Amino acid sequence: MRIVTWNVNSLKARLERVEAWLDEARPDIVCMQETKLADDAFPALTFQALGYESAHYGQGQWNGVAILSRVGISDVVVDFADGLPADPDARIISATCGGIRVSSVYVPNGRSLDNDHYHYKLQWMERLRNHVAATCDPTADVVVAGDFNIAPDDRDVVDPAKLVDVTHVSPQERAALMALESWGFTDSFRHFYDQGSLYSWWDYRAGDFHKGNGMRIDLILATASVMKRATWSIVDRNARKGTSPSDHAPVLLDLV
DNA sequence: ATGGTCGTTGCACGA
């Protein structure tokens with residue numbers, strides 16, 4: 001079974017490339033972020049023709065998350081299931097696919113450390129942990145995959161010394177991610193590669209991709225029972241090349 | 001040399 005997370009940065013702008021990539025990589029479960037579509041604009045029939053059932057939670061214009069599955073999709077939950085007031089943004093959708101409880105998440109960017117959006121980001125991460133703890137068992141098959149907008153540690157950036165007092169690397173953000181992982185998750189890519197220099201996002205500007213100036217912020221978190229089945233993980237940076245790419249590359253995790 | 005590009009929308013803003 002192949003599980004993928006990919007921030008497509010507008011499915012409307014990216015559909016042709018997404019279709020071509022799905023045909024090539026043949027994933028079984030795809031967690032997608034930043035579809036930037038309303039639910040009635042989501043191209044479910046296009047994915048159906050490629051063999052995928054799907055569930056989408058969008059608002060149009062910004063955000064928007066989806067799950068595609070070739071191994072069934074049931075018990076779809078949009079937003080957090082914690083009884084608190086709904087998140088104003090469409091940033092999380094969960095479903096059961098092939099026996100795995102899967103969530104596709106688009107963690108808030110944070111913008112800057114002195115921005116209200118940064119506090120929203122930290123609160124969102126805490127709420128994500130509570131959501132997982134309330135709805136899942138750490139001994140079960142659970143995957144939370146998506147754009148976390150957090151580089152877990154200094155191996156996940158090019159030059160840590162240049163990243164002081166900025167989002168994605170602050171101790172508070174990293175602690176929030178560690179708190180989520182401590183519930184029972186492994187950063188599956190890191191399980192297979194303990195070196196750095198393999199990133200999942202590169203700014204469109206300044207030729208960052210070609211300079212290798214990226215960050216690893218797209219993660220597939222998996223519980224122990226899923227990790228026992230894991231055989232390899234990779235970032236497909238080829239998907240970041242060529243005409244009209246997303247600024248993120250897909251991350252893959254294969255299970256037996 | 002400290003910018004630079006995208007995607008949205010609408011004549012800026014978010015990432």
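All values reported here derive from a predicted model rather than from experimental measurement. Residue numbers begin at 1 in each chain, while the letters A, B, ... track the order of the sequences.
To the nearest whole angstrom, the two P atoms, one in B:dG10 and one in B:dG14, are 14 Å apart. Nucleotides B:dG4 and B:dA15 have their C1' atoms positioned 15 Å apart, rounded to a whole Å. Taking atom C1' in both B:dT9 and B:dC13, the straight-line distance is 9 Å, to the nearest Å.
Atom CG of A:Asn213 is separated from atom P of B:dT2 by 17 Å (rounded to the nearest Å). A straight line from CG of A:Leu163 to P of B:dT2 spans 19 Å, rounded to a whole angstrom.
The aromatic rings of A:Trp202 and A:Phe209 sit perpendicular, their planes meeting at an angle over 60°, well past the 30° parallel limit.
The phosphate of B:dG7 has OP1 or OP2 within less than 4.0 Å of a side-chain N or O from A:Arg14.
Comparing A:Gly207 and A:Gln61 by the nucleotide of DNA chain B whose heavy atom lies nearest to each, the residue mapping closer to the 5' end is A:Gly207.
For CG of A:Asp116, the number of neighbouring non-hydrogen atoms (other residues, nucleotides, ligands) closer than 6.0 Å is 12 at most.
Panel note: side chain A:Tyr204, backbone A:Pro245; a donor-acceptor pair is recorded below 3.5 Å.
Residue A:Trp183 belongs to a hydrophobic cluster whose other members are A:Phe80, A:Ile92, A:Val105, A:Val107, A:Tyr120, A:Trp124, A:Met125, A:Leu128, A:Val132, A:Val142, A:Val144, A:Phe148, A:Ile150, A:Leu177, A:Met178, A:Leu180, A:Phe185, A:Leu219, A:Leu221, with links defined by side-chain heavy atoms closer than 4.5 Å.
Counting non-hydrogen atoms under 4.0 angstrom, A:Lys211 reaches a base of the nucleic acid.
Between A:Tyr193 and A:Arg155, the closest side-chain pair of non-hydrogen atoms is not below 4.5 Å.
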Considering only nitrogen or oxygen atoms on both sides, find all protein atoms under 3.5 Å from nucleotides 12-15 of chain B and state each distance.
from: B:dA15; atom 1: OP2; to: A:Arg111; atom 2: NE; distance (Å): 2.7

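Scored by the side chain to side chain donor-acceptor pair (under 3.5 Å) test, A:Arg17 finds no partners at all (sequence neighbours excluded).
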